[in-house]
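Position 1 is the first residue of the sequence, and the numbers go up from there.
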Amino acid sequence: MTVQHVDYTELLEQVGRCMFGERMVIERDGKRFSARVQHVGATGVKVIPETTLAEHDGAPGDIQGVTVDFADIQEVDVGGVVYRLE
């Protein structure tokens, strides 16, 4: 796995390339958590926290994600390359 330290503009470009299921690290209210992308929208990203996935026993379509602002994203894994905010 390759890690690249990028500025906010480059991170947003990589977020735009994300597809369903790709991993992100989110920082919100001083807490960090990893999540999987459900949908990239115009104003934010809908994600499913990995702790929610680990505890879920139902069908995959039963999970409702949460929308996070682009500014909350600290790291994104696209195609095996981790893009981390400097």
Worksheet, complete the sentence: Looking only at heavy atoms, the pair that brings Ala35 and Pro49 closest together is CB-CA, 3.8 Å

Worksheet item: To which residues is Phe20 joined in a hydrophobic cluster, defined by side-chain heavy-atom contacts under 4.5 Å among Ile, Leu, Val, Met, Phe, Trp and Tyr, whether direct or through other members?
Response: none

Worksheet entry | Path from Val3 to Val76 over hydrophobic side-chain contacts below 4.5 Å | no

Discussion item. Going by side-chain hydrogen bond (donor to acceptor under 3.5 Å, both in side chains), name the pairs with one or both residues in residues 10-22, residues two or more places apart or in two chains.
Written reply: Glu10-Gln14, Gln14-Arg17

Listing, residues 65-75 side-chain donor-acceptor contacts under 3.5 Å, not counting sequence neighbours, or none:
from	atom 1	to	atom 2	distance (Å)
Glu75	OE1	Arg84	NE	2.7
Glu75	OE1	Arg84	NH2	3.2
Glu75	OE2	Arg23	NH1	3.2

Discussion item. Applying a strict under-4.5 Å side-chain criterion to I, L, V, M, F, W and Y, I'd like to know whether Phe33 and Leu11 cluster together.
Written reply: yes

Worksheet item: Is Val37 reachable from Val81 through a run of hydrophobic residues whose side-chain heavy atoms are each under 4.5 Å from the next?
Response: yes

Item to complete: Mind jotting down which residue pairs meet the side-chain hydrogen bond (donor to acceptor under 3.5 Å, both in side chains) criterion with at least one end in residues 45-54? Sequence neighbours excluded, please.
Response: Ser34-Glu50, Arg36-Glu50

Practice prompt. Please identify each residue that fulfils salt bridge (charged side-chain N to carboxylate O under 4.0 Å, His left out) with Asp77, with sequence neighbours left out.
Written response: none

Worksheet item: Roughly how far apart are Tyr83 OH and Asp7 CG, rounded to 0.5 Å?
Response: 13.0 Å

Discussion item. Please say yes or no: joined through hydrophobic side-chain contacts below 4.5 Å, possibly via intermediate residues, are Val47 and Val40 part of one cluster?
Written reply: yes

Worksheet item: Side-chain heavy atoms under 4.5 angstrom apart, residues restricted to Ile, Leu, Val, Met, Phe, Trp, Tyr: same cluster for Val78 and Val6?
Response: yes

